[in-house]
Number of protein chains: 2
Amino acid sequence: MNDSDAGAGHAAPRKRADARRNERALLDAAAAVFVTSGVEAPIRDIAAKAGVGTATIYRHFPTRADLIIAVYRHQIEALAEAGPALLATGPTPHAALGRWIDLFVDFLVTKHGLAAVLHSDDAGFDTLHAYFLDRLVPVCAQLLEAAAAAGEIRSDLDAYELMRGVGNLCIGVENNPRYDARRLVELLIAGLRRPH
Amino acid sequence: MNDSDAGAGHAAPRKRADARRNERALLDAAAAVFVTSGVEAPIRDIAAKAGVGTATIYRHFPTRADLIIAVYRHQIEALAEAGPALLATGPTPHAALGRWIDLFVDFLVTKHGLAAVLHSDDAGFDTLHAYFLDRLVPVCAQLLEAAAAAGEIRSDLDAYELMRGVGNLCIGVENNPRYDARRLVELLIAGLRRPH
DNA sequence: TCGTCAAACGGGACAAGGTTCCGTTTGCTC
DNA sequence: GAGCAAACGGAACCTTGTCCCGTTTGACGA
């Protein structure tokens with residue numbers, strides 16, 4: 001694992017040491033601030049916690065979406081990889097789908113405000129949107145197709161719409177004890193089941 | 001119908017004529033601006049359109065939630081009254097519930113950004129939240145109970161949670177042709193049906 | 001080791017929007 | 001018509017996102 005690069009580049013020009021240090025500091029600070037103040041915490045707060053100026057944050061992460069992606073990339077990748085694994089080991093495709101959606105919900109509800117931001121139509125979050133689309137929708141589609149092929153569910157709903165719906169249901173779960181997103185998601189998945 | 005008061009007060013001190021005029025102008029302006037710019041349009045824009053200063057808007061509607069409520073009060077009341085009516089005239093309680101939820105979805109998706117704001121945890125929208133809770137949740141509860149009593153649906157979901165879920169599903173429908181909230185709401189309602 | 005210079009930096013400046021304050025205007029009442 | 005509280009308007013202030021520019025610093029060759 002390369003410190004300054006995820007490994008995709010051939011001739012990555014190698015960043016300066018202070019730049020790498022700051023990037024790491026920013027990621028750590030952002031992760032901490034996101035936990036306490038949500039993913040929409042003021043840029044200044046994150047910069048201050050990292051001990052850098054505000055411009056530095058923009059230099060490393062042009063939009064807030066880029067920062068959010070960087071902070072949660074590992075978890076999202078893990079989620080993407082969990083899909084095929086569940087499908088391979090689960091008793092049925094439908095069970096795998098249910099379990100995977102559970103993991104997705106867990107991820108969302110533990111990240112303050114992430115679900116909200118994920119579905120905002122603010123143009124600044126296009127990158128975030130695209131990333132989720134690229135990484136997770138195909139996985140979900142695979143699970144859906146397997147379950148549909150097994151005859152367990154109806155097949156007229158596409159993965160994008162399902163994920164978006166699930167994501168929406170997770171909005172505003174924070175500090176609202178009367179609202180249990182998990183239960184509603186369960187209902188949604190139940191509604192998906194093919195009547196037989 | 002009284003011009004300056006919905007009729008609840010006994011000794012309402014009767015507002016000044018200019019105050020009543022401005023309130024009306026603000027409501028009209030807000031309604032217009034909400035249509036074009038959504039319910040989160042800048043206060044300044046609404047004030048300008050109404051031809052008043054920004055302080056005036058705060059005087060009449062202390063929070064944005066109050067303004068939103070005032071603008072949509074008629075429609076919300078109509079929605080509340082439609083519940084019992086549908087229950088009385090519909091073929092079955094479940095059909096009435098479905099139809100009523102449809103009306104609710106129609107209301108939400110035609111108001112730019114209302115669904116989003118309705119479920120934001122911003123303290124400034126507590127009033128809005130409370131109003132929906134007061135007016136619509138009991139209606140929904142009545143429909144749910146009737147359907148449950150008729151044995152058509154499971155009875156382990158309360159009205160608040162259902163409405164909140166439906167509202168959440170309606171977030172971000174604007175200018176997203178790939179996402180059809182109605183269909184997902186349908187799924188949710190389908191998931192509610194008692195397996196028999 | 002030292003000089004050079006582009007990379008990287010920090011924080012101040014600007015813009016947008018929400019909210020409040022305060023001096024002025026305007027209806028109502030007598 | 002005078003008095004006075006209600007209501008007004010818009011400037012001022014605060015927060016937050018974003019950009020700019022003068023300064024610092026790490027990397028590398030001499």
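Please read all numbers here as calculations on a predicted model, not as lab measurements. Every chain is numbered from 1 and lettered A, B, ... according to where its sequence line falls, protein lines coming before strand lines.
Side-chain atoms of B/Thr54 lie closest to D/dG10 of the nucleotides D/dA27, D/dG10, C/dA8. Taking the side chain of B/Arg64 as heavy atoms from C-beta on, and the options C/dG18, C/dG27, D/dG17, the nearest nucleotide is C/dG18. Considering only the side chain of B/Pro42, C/dG18 comes nearest among C/dG18, D/dC8, C/dC9.
The side chain of B/His60 contributes an N or O atom lying less than 4.0 Å from OP1 or OP2 of D/dC8. Contact annotation: A/Thr56 side-chain N/O to C/dA8 OP1/OP2 distance is not under 4.0 Å.
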Test side-chain hydrogen bond (donor to acceptor under 3.5 Å, both in side chains) on B/Arg164 and B/His129; report intermediate values, then the result.
CA-CA 10 Å; B/Arg164 172 124 197 163; B/His129 206 253; 3.2 Å; yes
Yes or no on salt bridge (charged side-chain N to carboxylate O under 4.0 Å, His left out) for A/Glu152 and A/Arg193, after CA distance, side-chain angles and deciding distance?
CA-CA 6 Å; A/Glu152 296 176 301; A/Arg193 207 173 280 130; over 6 Å; no
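Residue A/Ile46 contributes atom CD1, which lies 15 Å from atom P of C/dG10 at whole-angstrom precision. We find that CZ of A/Arg20 is positioned 11 Å from C1' of D/dA27, with the value rounded to whole Å. Taking atom CG of residue B/Leu26 and atom C1' of nucleotide D/dA7, one finds them 12 Å apart after rounding to whole Å. One atom, CG of B/Asp122, and another, C1' of D/dT15, lie 14 Å apart when rounded to the nearest Å. To the nearest angstrom, C1' of C/dG27 lies 12 Å from CG of B/Asn22. Straight-line distance from the CD1 atom of A/Ile43 to the P atom of C/dG11: 16 Å, rounded to whole Å. Rounded to an integer number of Å, the gap from CZ of B/Arg21 to C1' of C/dT25 is 13 Å.
Taking the nucleotide of DNA chain C with the nearest heavy atom to each of B/Ala17 and B/Tyr58, the more 5' of the two is matched to B/Tyr58. Residue order along DNA chain C, read from the 5' end via each residue's closest nucleotide, puts A/Val52 first among B/Asp18 and A/Val52. Where A/Glu40 and A/Arg59 each meet DNA chain D at their nearest nucleotide, the meeting point lying more 5' is that of A/Glu40.
Cluster annotation: B/Leu108 and B/Val39 are assigned to the same hydrophobic cluster (Ile/Leu/Val/Met/Phe/Trp/Tyr, side-chain heavy-atom contacts under 4.5 Å, transitive).
In the interface, the side chain of A/Arg16 is paired with the base of C/dA7 through a donor and an acceptor atom under 3.5 Å apart. Judged by atom type and distance alone, B/Arg44 reaches the base of C/dG18 through a side-chain donor-acceptor pair under 3.5 Å.
Using a 4.0 Å heavy-atom distance criterion, B/Gly51 is classed as a sugar-phosphate-only contact. In this structure, A/Ala55 reaches the bases: a heavy-atom distance under 4.0 Å links it to at least one base atom across the strands shown.
B/Glu40 and B/Arg64 are not joined by a salt bridge, as no carboxylate oxygen comes within less than 4.0 angstrom of a charged side-chain nitrogen.
Between B/Phe107 and B/Tyr72, the ring planes are perpendicular. Angles over 60° get that label, and only those under 30° would be called parallel.
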